Protein chains: 2
Amino acid sequence: MTETATTERPRIRDAEATQKRILAAARKEFAKSGLGGARVDTIAQRAKANKRMIYHYFKSKEQLFTRVLEDAYADIRTAERKLHLDELDPETAITTLVRFTWRYYQANPEFLTLVNSENLHRARHLKGSARMHELSRPFVGMVADILERGVAAGVFRPGIDAVQLNITIAAIGYYYLTNRFTGAIVYERDLMTKEALDARLAFNIETILRLLRA
Amino acid sequence: MTETATTERPRIRDAEATQKRILAAARKEFAKSGLGGARVDTIAQRAKANKRMIYHYFKSKEQLFTRVLEDAYADIRTAERKLHLDELDPETAITTLVRFTWRYYQANPEFLTLVNSENLHRARHLKGSARMHELSRPFVGMVADILERGVAAGVFRPGIDAVQLNITIAAIGYYYLTNRFTGAIVYERDLMTKEALDARLAFNIETILRLLRA
DNA sequence: GGCAATGCACGTACCGGTTAGTTAAGTCTG
DNA sequence: CAGACTTAACTAACCGGTACGTGCATTGCC
């Protein structure tokens with residue numbers, strides 16, 4: 001990203017700033033209504049931009065959606081890198097990852113609905129995105145490393161697939177949060193109180209550690 | 001349901017049959033495109049019914065969606081009841097439930113996308129549905145029973161919340177399947193081969209048993 | 001001055017929902 | 001039990017609103 005000098009006078013015409021506003025508004029709108037339900041006019045309004053700008057910079061609603069998705073994945077992967085899991089002992093690293101994933105999903109609920117939307121469309125917007133592979137590979141490799149280190153240290157049992165583990169860590173947080181509305185009905189319980197959220201995190205950490213421990 | 005006598009000549013005008021065709025077509029269309037992306041005209045066409053019939057029987061697109069959702073939950077709960085988990089020993093019962101859930105989601109992928117769609121809309125269609133509570137309560141109670149029996153028999157550790165367990169069993173299957181498209185990109189692996197699916201089921205059973213065992 | 005950034009206003013297609021009317025199937029009556 | 005009557009199932013055509021996308025004019029910035 002370019003630096004945001006504090007002394008910079010606000011330009012009336014600022015391509016970059018406009019694009020950012022459009023992307024932020026689009027993320028909100030797509031997250032709220034899905035691809036089919038999202039309205040380009042609403043995005044333009046919320047971005048304080050003219051609809052013409054959206055088509056100028058992003059060509060189509062679908063290409064805008066693609067860009068929003070890629071950015072969303074880039075954001076979470078960037079945040080994960082900042083955890084420096086490779087510097088932690090295996091058990092702490094995994095616990096940190098479970099806790100981080102949980103908190104990230106809570107702080108960024110749009111990520112969850114965006115991913116859901118993209119999967120409804122069979123990931124056709126991200127299919128073939130080189131950027132996605134660049135983002136994912138280091139992350140998956142990192143978790144595989146933690147596992148290996150854990151096995152070598154004798155704290156984790158051998159033979160666990162890093163991909164299965166990754167999916168499971170995501171699943172137990174993701175499902176609870178995206179399906180919290182139907183969940184509240186099925187289980188007749190408020191799943192979003194502080195106590196409920198804390199209990200779920202503890203449960204998830206327990207689930208993963210029991211899965212891994214030798 | 002009324003009996004379907006084999007000798008019955010197909011009536012030209014058959015309210016019940018038409019409603020069923022509409023519901024089946026609607027489930028498909030809503031599952032494929034979400035509430036916002038679904039087209040009432042498409043549903044009418046696929047149901048071989050006039051669009052007017054949809055409004056006659058279901059009042060609105062949203063009420064049709066509500067009905068489709070309720071029916072989907074009724075279907076899975078009915079299938080679960082047929083497992084007679086109360087007649088199995090605790091460990092077998094849980095394993096059976098994990099396996100059933102996994103297979104049901106695979107055989108009925110529309111259920112997953114419908115639930116996702118409803119959660120995108122914060123469950124406003126199912127909120128206050130008495131039918132949903134009637135369906136859910138026995139199911140949740142059943143799993144709680146299995147847990148209790150397992151603790152009494154000394155095979156499960158005490159203190160596990162039945163709701164957390166239920167959510168986790170659903171999560172580890174559900175997430176893998178709904179997010180299989182972005183998953184294939186992130187993990188650069190086909191998640192839907194027979195081998196991959198078998199491996200996931202085994203992993204999920206292991207995850208749950210390790211979570212429960214004393 | 002030249003070009004990128006922006007705004008206006010419109011086209012065209014579509015979409016949820018409705019109006020007005022038709023026809024099949026039961027049902028009442030003599 | 002035949003034929004008039006009633007009701008419910010069904011259809012075609014349409015409407016008002018809205019959605020994505022664009023042509024073209026304008027304006028700020030280097």
Side-chain angles (χ1 to χ4, degrees), chain A residues 2 4-5 7-68 117 121 124-125, chain B residues 2 4-5 7-69 117 120-121 124-125:
Chain A
T2 58
T4 47
T7 51
E8 217 175 281
R9 76 189 149 82
R11 278 186 300 173
I12 312 283
R13 304 204 159 188
D14 188 330
E16 201 182 328
T18 304
Q19 288 181 47
K20 273 189 187 166
R21 286 202 319 278
I22 291 172
L23 283 169
R27 194 179 58 223
K28 263 196 175 174
E29 173 73 358
F30 284 132
K32 188 183 162 202
S33 306
L35 177 58
R39 297 294 161 242
V40 177
D41 285 291
T42 307
I43 295 172
Q45 251 181 333
R46 272 214 265 255
K48 286 184 180 129
N50 191 281
K51 188 167 52 161
R52 195 70 192 76
M53 290 290 87
I54 293 176
Y55 288 93
H56 181 63
Y57 291 123
F58 302 101
K59 311 297 181 210
S60 72
K61 187 185 182 184
E62 303 239 336
Q63 280 185 58
L64 175 59
F65 184 67
T66 303
R67 178 61 187 282
V68 166
S117 279
H121 296 283
R124 71 162 194 268
H125 306 89
Chain B
T2 58
T4 47
T7 51
E8 215 176 280
R9 75 189 151 83
R11 277 189 300 173
I12 311 283
R13 307 203 158 191
D14 188 330
E16 201 181 328
T18 303
Q19 287 181 48
K20 273 190 189 166
R21 286 202 319 277
I22 291 172
L23 284 169
R27 194 178 59 224
K28 263 196 174 174
E29 173 73 359
F30 284 132
K32 187 182 163 202
S33 307
L35 176 59
R39 297 295 162 240
V40 177
D41 286 292
T42 307
I43 295 171
Q45 249 182 335
R46 272 214 265 253
K48 287 185 179 124
N50 190 280
K51 187 166 54 157
R52 193 68 191 78
M53 288 289 89
I54 293 176
Y55 288 93
H56 179 62
Y57 291 124
F58 302 101
K59 310 298 181 207
S60 72
K61 187 186 182 184
E62 304 238 336
Q63 280 184 58
L64 175 60
F65 184 65
T66 304
R67 177 62 185 282
V68 165
L69 278 171
S117 278
L120 181 64
H121 297 283
R124 71 161 195 269
H125 305 90

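Labels below follow one simple rule: chain letters A, B, ... track the order of the sequence lines, proteins then strands, and each chain is numbered from 1. Predicted, not measured: the structure shown is a model, and the values here were computed from it.
- Across the protein-nucleic acid pair, A:Leu35 atom CG and D:dA19 atom P stand 14 Å apart, rounded to whole Å.
- Residue B:Ser33 comes nearest to B:Ala38 through the heavy atom pair CB-N, 3.6 Å, listed as atom of the first residue, atom of the second, then distance.
- Straight-line distance from the CZ atom of A:Phe65 to the P atom of D:dG21: 14 Å, rounded to whole Å.
- Residue B:Ala38 is in sugar-phosphate contact alone, with no base atom involved, counting any heavy-atom pair closer than 4.0 Å across all strands shown.
- Protein atom NZ of B:Lys48 is 12 Å distant from nucleotide atom P of D:dT11, rounded to whole Å.
- For A:Lys51 against D:dG21, a side-chain N or O and a base N or O form a donor-acceptor pair under 3.5 Å.
- A heavy-atom distance below 4.5 Å is found between the side chains of A:Ile43 and A:Leu64.
- Between A:Arg39 and D:dA19 there is a side-chain N or O to OP1 or OP2 distance below 4.0 Å.
- Looking at B:His121, B:His125, B:Arg67 one by one, the single match for side chain to side chain contact (heavy atoms under 4.5 Å, CB included) with B:Glu62 turns out to be B:His125.
- In this entry the distance linking CD of A:Gln45 with P of D:dC20 reads 12 Å, nearest Å.
- Closest to the side chain of B:Arg52, out of D:dG23, C:dG16, D:dA12, is D:dA12.
- Among pairs with a residue in residues 14-57 of chain B, those fulfilling ring pair (Phe, Tyr, Trp, His ring centres under 6.0 Å) read B:Phe30-B:Phe65, at least two apart in sequence or across chains.
- When rounded to the nearest whole Å, the span between CD of A:Glu16 and P of C:dA5 equals 11 Å.
- Of the candidate nucleotides C:dT6, D:dA12, C:dG16, C:dG16 has the atom nearest to the side chain of B:Val40.
- When all heavy atoms are compared, the tightest approach of B:Ser117 to B:Gly34 is OG-CA, 3.4 Å.
- Picking from C:dA5, D:dA9, C:dC8 the nucleotide with the shortest atom distance to the side chain of A:Met53 gives C:dA5.
- Between the P atom of D:dG21 and the CD1 atom of A:Ile43 lies a distance of 11 Å, rounded to the nearest Å.
- Here the side chain of B:Thr18 is nearest to one of D:dC10, D:dC20, D:dT11, namely D:dC10.
- When side chains are defined from C-beta on, B:Arg21 counts as touching B:Thr18, because their heavy atoms get closer than 4.5 Å.
- Under the 4.5 Å side-chain criterion, counting only non-hydrogen atoms from C-beta, A:Val40 is not in contact with A:Glu29.
- Taking only side-chain nitrogens and oxygens, B:Ser60 never comes nearer than 4.0 Å to OP1 or OP2 of C:dG17.
- Regarding contacts with the backbone of D:dG21, a side-chain N or O of A:Tyr55 is found under 4.0 angstrom from either OP1 or OP2.
- The C1' atoms of five pairs define one axis at each end of the helix from C:dG1-D:dC30 to C:dG30-D:dC1, and these two axes lie 10° apart (to 10°).
- Nucleic acid contact class of B:Tyr57 (heavy atoms, under 4.0 Å, all strands): sugar-phosphate only.
- Rounding to whole angstrom units, CZ of residue A:Phe58 and P of C:dA5 are separated by 12 Å.
- When the side-chain nitrogen and oxygen atoms of A:His56 are compared with OP1 and OP2 of C:dA5, one or more of them lie within a distance under 4.0 Å.
- In this structure, A:Ile22 atom CD1 and C:dA5 atom C1' are separated by 11 Å, rounded to whole Å.
- The NZ atom of A:Lys61 sits 5.5 Å away from the CG atom of A:Leu35 when rounded to the nearest 0.5 Å.
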